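Chain identifiers are assigned alphabetically (A, B, ...) following the order of the sequence lines, protein sequences preceding nucleic acid strands; residue numbering begins at 1 within each chain. Since we're looking at a predicted model, the values are computed, not measured.
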Amino acid sequence: MTKPAEFYQRDTARHPPAFTPDYKTSYARSPRFSLISLDQGVGEVTGPTFGHGDIDAGDNDLLSNYAQPGQSPIGERIILHGRVLDENTRPVPNTLVEIWQANAGGRYRHKNDRYLAPIDVNFGGCGRTLTDDEGHYHFRTVKPGAYPWRNRVNDWRPAHVHFSVFGTAFCQRLITQCYFEGDPLIPRCPIVQTIPDPDAITGLTAKLDMNATIPLDTIAYRFDIVLRGRRATLFENRMEGT
Amino acid sequence: MMADDLGYLKETASQTAGPYVHIGLAPGAAGFDIYDQELGWDIAGPNAAGERIRVQGRVIDGTGSPVKDVLLEVWQANAAGHFAHPDGGGEVEDGFRGWGRVITDFQTGDWAFDTVKPGPCPGRNGATQAPHLNLWIVARGINLGLHTRMYFADEGAANAADPVLTMIEWENRRTTLLAERVEGDGPATYRFDIRLQGDGETVFFDI
């Protein structure tokens, strides 16, 4: 029987550290001790699985999944699509991708959001889908607006969509945010700037994708996601018991 | 997306889940009803064997205050020590998913979920891992989701032999991963407070 292989060690230089004082909320919510590195076992190299019985086909269409019949939300109509791959460049099929975002005015449909921009009655702001056999996902939505937030007195979030992705193992679990290329707020944002590596920030920036645009209808952006890859099992790697 | 000289891609960088994570992952809590079925509310369906337990606690920040906008995910084995995954070690009962999502009360920061107590599961190199829950914590102010484990304080012998607990160099930090059983009526209840920072800081893992 083939034993499941371990995943590559996480490259911490790609990720924000826990303590990032310019993002003030991290101050009291960041562990002071270092993380204890754990050799992966069965609970780390496995993770929850999802199927088409868990979601509905229309869950990935934010233009319609909360709209009144015959109506749609206000804002730029966009297709946001891409692939989920692993570090070995292999597609991650059939994995759950969930998104949430503000509406075109920068307002979230959340009981704790009190920004003065109005709620859009036709926009919920969340969607979910499973990647196909080649790791592709796509959503239809409106481009979210920028909005102010309480950090320094005049901080604004660039337009962004939050992404939650599973992969096949709990150690691949990832939440991130997708930005849109050309947004001048990206370099000014203390949350974006928690990431020390400029190349990693570029990786969070969706690119205008004219080839996926539907003429006279919906403009498209492409955002690919990379999850941790795992070793090939060419040699026994002493994970007895799994 | 660029590959390096050896052809590998780099993992996408993490960003905080932010204060409005509920919209995407638990929209009912955000205040609206959109999906026919929210995911993660049923960790161990009615067919799952084993002792029914409730786990409750708080996540506490470095000032000693409860974190009221946190989301936790749990990933656990069933009572036989199997995970619901093709490489999970064996069969699980129909309806046992072993995965759940938990959010805090926005006023108090209290959270709780119901499940079954997991069994011991295999560890590396022939070792046996004591019953435990794998937990993953995201919130505003947490830049990369935090992995930790909850063990059961009343499993003293199993815990003493657990390869992960015993690997923690500082014995006084191991107790941060132990949940105490709470006496009372109703289902067996375990209390697990997670301290992000400061006195009694919980052990978090890089897995």
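With a 4.5 Å cut-off on non-hydrogen atoms, Asn112(A) touches chain B through its backbone and its side chain both. Only the side chain of Ser164(A) comes within contact range of chain B, with heavy atoms under 4.5 Å apart. For Leu204(A), the part lying near chain B is the side chain, with the backbone staying farther off; criterion is any non-hydrogen pair under 4.5 Å. Only the backbone of Asp86(A) comes within less than 4.5 Å of a heavy atom of chain B; no side-chain atom from C-beta onward does. Heavy atoms of Leu85(A) lying under 4.5 Å from chain B belong exclusively to its side chain. Leu144(B) touches chain A through its side chain: at least one heavy atom from C-beta onward sits under 4.5 Å away, while N, CA, C and O do not. For Phe50(A), the parts lying under 4.5 angstrom from a heavy atom of chain B are both the backbone and the side chain. Contacts of Thr49(A) with chain B are made by both backbone and side-chain atoms, with heavy-atom separations under 4.5 Å. Contacts between Glu98(A) and chain B at a heavy-atom distance below 4.5 Å involve the side chain alone, from C-beta outward. Proximity to chain A (any heavy atom under 4.5 Å) is shown, for Ala77(B), by neither the backbone nor the side chain. The contact between Phe170(A) and chain B is made by backbone and side chain atoms together, counting heavy-atom distances below 4.5 Å. Heavy-atom distances place no part of Val165(A) under 4.5 Å from chain B, backbone and side chain included. With a threshold of 4.5 angstrom between heavy atoms, Asp4(B) does not approach chain A through any atom at all. The parts of Ala17(B) that come within reach of chain A are both its backbone and its side chain, each placing non-hydrogen atoms under 4.5 angstrom from that chain. Val21(B) touches chain A through backbone and side chain together, each having a heavy atom under 4.5 Å away. Of the two parts of Leu146(B), only the side chain, counted from C-beta on, holds a non-hydrogen atom closer than 4.5 Å to a non-hydrogen atom of chain A. Heavy atoms closer than 4.5 Å to chain A are found in both the backbone and the side chain of Phe205(B).
Enclosure of atom CD in Glu181(A) by more than 12 non-hydrogen atoms of other residues, nucleotides or ligands within 6.0 angstrom is indicated.
Of the N and O atoms on the side chains of Thr20(A) and Asn143(B), at least one donor lies less than 3.5 Å from an acceptor on the other residue. With no hydrogens or angles considered, a side-chain donor-acceptor pair links Arg157(A) and Tyr179(A) at under 3.5 Å. A donor-acceptor pair shorter than 3.5 Å cannot be found between the side chains of Tyr20(B) and Gln101(A). Under the 3.5 Å distance criterion, with hydrogens and angles disregarded, no donor-acceptor pair is assigned to the side chains of Tyr108(A) and Tyr115(A). In this model, no donor atom of one side chain and acceptor atom of the other lie less than 3.5 Å apart for Arg29(A) and Tyr27(A). Asn88(A) and Tyr8(A) are linked by a side-chain donor-acceptor pair at a separation below 3.5 angstrom, with hydrogens and angles left out of the test.
Taking the ring centroids of Tyr66(A) and Phe32(B), they lie under the 6.0 Å cut-off.
Put simply, the side chain of Glu73(B) never gets that close to the backbone of Val102(B): no donor and acceptor are under 3.5 Å apart. At least one donor-acceptor pair closer than 3.5 Å links the side chain of Thr202(B) to the backbone N or O of Arg195(B).
Judged by a 6.0 Å distance limit and a 45° cone about the ring axis, Arg181(B) is not positioned over the six-membered ring of Phe152(B). Geometrically, Arg109(A) does not engage Phe123(A) in a cation-pi contact defined by less than 6.0 Å to the ring centre and at most 45° from the axis. For the pair Arg173(A) and Phe166(A), the distance from NZ or CZ to the six-membered ring centre is under 6.0 Å and the angle to the ring normal is within 45 degrees. The cationic atom of Arg128(A) (NZ for Lys, CZ for Arg) lies less than 6.0 Å from the six-membered ring centre of Tyr35(B) and within 45° of the ring axis.
Comparing Leu25(B), Val203(B), Thr148(B) by how many heavy-atom pairs each has under 4.5 Å with chain A, the most go to Leu25(B). Note on Gln37(B), His147(B), Met167(B): by heavy-atom pairs under 4.5 Å with chain A, the leading option is Gln37(B). For the set Gln129(B), Gln76(B), Arg149(B), the entry with the most heavy-atom pairs within less than 4.5 Å of chain A is Arg149(B). Ranked by heavy-atom pairs shorter than 4.5 Å toward chain A, the options Tyr8(B), Trp75(B), Trp136(B), Trp99(B) are led by Trp75(B). Of all the listed residues (Arg101(B), Glu169(B), His22(B)), the one sharing the greatest number of non-hydrogen pairs under 4.5 Å with chain A is Arg101(B). The greatest number of non-hydrogen atom pairs below 4.5 Å with chain A, out of His132(B), Glu11(B), His85(B), Arg140(B), is found for Glu11(B).
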